[in-house]
Amino acid sequence: MGKNKIGSLLATLLVFFTMAFGMTGKASADDNSLLKIKEAGVLKVATSPDYPPFESQTTINGQSQDVGLDIEVAKQIAKDLGVKLKIMNMDFGSVLVAIQTGKADMAIAGLTPTDERRQSVDFSKVYYTGGQTFLINKKDVKKFKTAKNLHGQKIATQTGSLQNSLAKKYFDDSTLSSMDKTPDLIFSLENQKVDAVGIEKPVAQAYVAHNKNLAMIDAGYPNDAAESGKAIAVAKGSTALVNAMNQSIDKIEQHHWTDKYLKEAGKYVDDNAADTSMMRYWHYFYNGFLNTTLIAVIAVVFGILLGVLLVLMKLSAWKLLAWPATAYIEIVRGTPMMVQVLLVYFGLGALINMPALVAGIIAVALNSGAYVAEIIRGGINSLDKGQKEAAQSLGLSKVDTMRFVILPQAFKNIWPSLGNEFVSVIKESSIVSIIGVTDLIYQLNVVRADTYRGVAPIVVVMVIYFLMTFSLTRLLNHIERKMNHE
């Protein structure tokens, strides 16, 4: 599994800075990893529920629940430790960052304990070994009888995954590409954008079982078993926790529970695939809509307040106020929002424990404030200087002049630009899904993974976003007309 290269690089840089400033905890210096969990009474587990049968979500008694092999393993570990289990869903590229920054106690997300990953985290023993395969279109079975026939062809894998590394190593003569999500890979394969998709055997089997147009061939990699093992990641130096997890894994192996877990996960996969209508998942989209709306509304309100403060500081004659405001605006506008979201959640979150939703709102509001400040500044500069002089001639102070004369006229002039910012916030806030905020994009990926449908969930979310932005635009235009008639 993996996410896009930029996201992985940013996550790596974030970990580096948090480690540099001492915000990743002290597990390596003083191993109290197990004691902390037992004292808290909660085992926090980071995962990414878009990779059935390892982890996914399904509807049980009208409620969304995490299911899959990895979830059952985590439940057994929590049971053996005598603590409650707390699942923390997020983008796959963030699960290792979550344990390195102390947001989670362990990460279980179909992780392969590669040497590269061992440099920054510790792993349990392997709890499951599957195998590597290629998915192809069924009509190409005669053309690609074995993996050897894929040399020189177009092969796609998930970015940052083990499959991606193996393809680069053994198929360097092929045209290789990578994508963020497994459903995107399958969609590209079905539309013949690529000839094959490198994927793990259990995941491939699930897709073949529920998609009559797909077939599976063995990858034939050397040391396949050794390179396909799945393990649980924890913070570096968490020896006590690793030992406890290994005891649970030994119990699972002794009772052969892995087969039972996979069988149960297969039932959920079958249930999800049996009814793939979007109406079945209406509550997923509804919850995503509510969270997206909540983030946008709160972020816009606080963004405007912050923007006013920043522009007043920037226009101040006091350089001690102007310079920090200018620096803040330039930094925020000069860096991707994804970096800011990761920094707030994992960086600031290492000092102040906050839910993903709160961190997402803060990050979007901080980002919006910088852009709103520049919009307001442009509105103020567009006013005739005579307005300020007339106000001062009437005896108004600088504060009253700005409050009662300049800002009201500036807001009237910049209302269309502010409206565009509101619409942008609704759409751009989708980036918060990388830290597990259950907005529309997050729910989109969950539904795609559960239903094995690549297009229908996208269309539903697109319609919802359009209705949101269209309604908001009509409302803003109505307010603008009323302002112009005053």
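Considering every non-hydrogen atom in both T239 and S33, the closest pair reads N-OG, 4.5 Å. For D122 against G237, the heavy-atom pair with the smallest separation is OD2-N, 2.7 Å. Summarising the geometry of L150 relative to I217, their closest heavy-atom pair is CD1-CD1, 4.1 Å, with the distance given to 0.1 Å. What you find for I435 and G360 is that their closest heavy atoms are CD1-N, 4.1 Å. Across all non-hydrogen atoms, the minimal contact from N137 to L189 is ND2-O, 2.8 Å. Between G110 and Y127, the closest heavy-atom pair is N-OH, 4.2 Å.
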Review point. Does the side-chain hydrogen bond (donor to acceptor under 3.5 Å, both in side chains) test come out yes or no for N32 and E39, once each step is laid out?
Key: CA-CA 10 Å; N32 60 351; E39 288 180 345; over 6 Å; no

Practice item. Test V95 against M90 for side chain to side chain contact (heavy atoms under 4.5 Å, CB included), laying out the working first. Key: CA-CA 7 Å; V95 296; M90 60 189 67; 3.9 Å; yes

Check your understanding: Can you check side chain to side chain contact (heavy atoms under 4.5 Å, CB included) on L444 and I458, steps first, answer last?
Key -> CA-CA 7 Å; L444 162 66; I458 296 177; 3.9 Å; yes

Practice item. Please step through side chain to side chain contact (heavy atoms under 4.5 Å, CB included) for the pair I252 and T258, ending with a clear verdict. Key: CA-CA 7 Å; I252 291 171; T258 301; 3.6 Å; yes

Exercise for review: Please report the C-alpha distance between V332 and L366 in whole Å, then the side-chain angles of each, then the deciding distance to 0.1 Å, and finally whether the side chain to side chain contact (heavy atoms under 4.5 Å, CB included) criterion is met.
Suggested key: CA-CA 8 Å; V332 170; L366 293 176; 5.8 Å; no

Exercise for review: Give the intermediate values and the outcome of side-chain hydrogen bond (donor to acceptor under 3.5 Å, both in side chains) for residues E200 and Y51.
Suggested key: CA-CA 10 Å; E200 290 182 89; Y51 203 58; 2.8 Å; yes

Point to revise | Stepwise side-chain hydrogen bond (donor to acceptor under 3.5 Å, both in side chains) check, Q132 with Q163 | key: CA-CA 8 Å; Q132 301 300 326; Q163 295 77 34; 3.0 Å; yes

Check your understanding: Would D80 and Q76 count as a side-chain hydrogen bond (donor to acceptor under 3.5 Å, both in side chains) if you check the C-alpha gap in whole Å, the side-chain angles of each, and the deciding distance to 0.1 Å?
Key -> CA-CA 6 Å; D80 292 340; Q76 184 59 47; 2.9 Å; yes

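For the pair Y328/L306, a side-chain contact is recorded, criterion being any heavy-atom separation below 4.5 Å from C-beta on. The side-chain heavy atoms of D184 and Q158, taken from C-beta on, include no pair separated by under 4.5 Å. The side-chain heavy atoms of Y128 and Y261, taken from C-beta on, include no pair separated by under 4.5 Å. Taking the side chain as every heavy atom from C-beta outward, K79 and K251 never approach each other to under 4.5 Å. Looking at heavy atoms from C-beta onward, Y465 lies in side-chain contact with I426 at the 4.5 angstrom threshold. Two residues are said to be in side-chain contact when any heavy atoms from C-beta on lie closer than 4.5 Å; I71 and V67 fail this criterion. When side chains are defined from C-beta on, P53 does not count as touching L69, because their heavy atoms never get closer than 4.5 Å. With contacts defined as side-chain heavy-atom distances shorter than 4.5 Å, the pair S277/W282 does not qualify.
Remark: side-chain polar atoms of S124 are paired, donor with acceptor, to backbone N or O of I232 under 3.5 angstrom. Distance alone, capped at 3.5 Å, is enough to place a donor-acceptor pair between the Q340 side chain and the T335 backbone. Within the 3.5 Å criterion, the main-chain N or O of F346 finds no donor-acceptor partner in the side chain of K103. Judged by distance alone, with hydrogens and angles left aside, the side-chain atoms of S161 form a donor-acceptor pair with the main-chain N or O of N164 at under 3.5 Å. When atom types are taken as modelled, the side chain of N89 and the backbone of G436 share no donor-acceptor pair closer than 3.5 angstrom. When atom types are taken as modelled, the side chain of K236 and the backbone of R118 share a donor-acceptor pair closer than 3.5 angstrom. Between the N149 side chain and the K145 main chain, a donor and an acceptor come within less than 3.5 Å of each other.
The only member of F144, F171, Y207 that meets ring-ring contact (aromatic ring centres under 6.0 Å, His included) when paired with F134 is F171. Put simply, the residue from V461, T292, N287, V460 that forms a side-chain contact (heavy atoms from CB on, under 4.5 Å) with Q443 is N287.
Using a 4.0 Å cut-off between charged side-chain N and carboxylate O, E72 and K75 make a salt bridge. A salt bridge does not link D105 to K36: none of the charged nitrogens lies less than 4.0 Å from a carboxylate oxygen.
Under a cut-off of 6.0 angstrom, the local environment of NZ in K125 is crowded, with over 12 non-hydrogen atoms contributed by other residues, nucleotides or ligands. For NZ of K260, the number of neighbouring non-hydrogen atoms (other residues, nucleotides, ligands) closer than 6.0 Å is greater than 12. Applying the 6.0 Å contact sphere to CZ of F422 captures more than 12 heavy atoms from other residues, nucleotides or ligands.
The OG1 atom of T469 sits 11.5 Å away from the CG atom of N420 when rounded to the nearest 0.5 Å. To the nearest 0.5 Å, the span separating CG on N367 from CE on M338 amounts to 13.0 Å. Put simply, CG on L135 and CG on D140 are 12.5 Å apart, with the number rounded to the nearest 0.5 Å. Separation of atoms CG (D70) and NZ (K230) is listed at 9.0 Å; rounding is to 0.5 Å. Between the CD1 atom of I434 and the CG atom of D91 there is a distance of 6.5 Å, given to the nearest 0.5 Å. One finds the OG1 atom of T133 at 8.0 Å from the CD atom of Q205 (value rounded to the nearest 0.5 Å).
Among residue pairs with one or both ends in residues 424-440, those qualifying as side chain to side chain donor-acceptor pair (under 3.5 Å) are N291-T438; sequence neighbours excluded.
Every salt bridge (charged side-chain N to carboxylate O under 4.0 Å, His left out) that R333 has, sequence neighbours left out, goes to E374.
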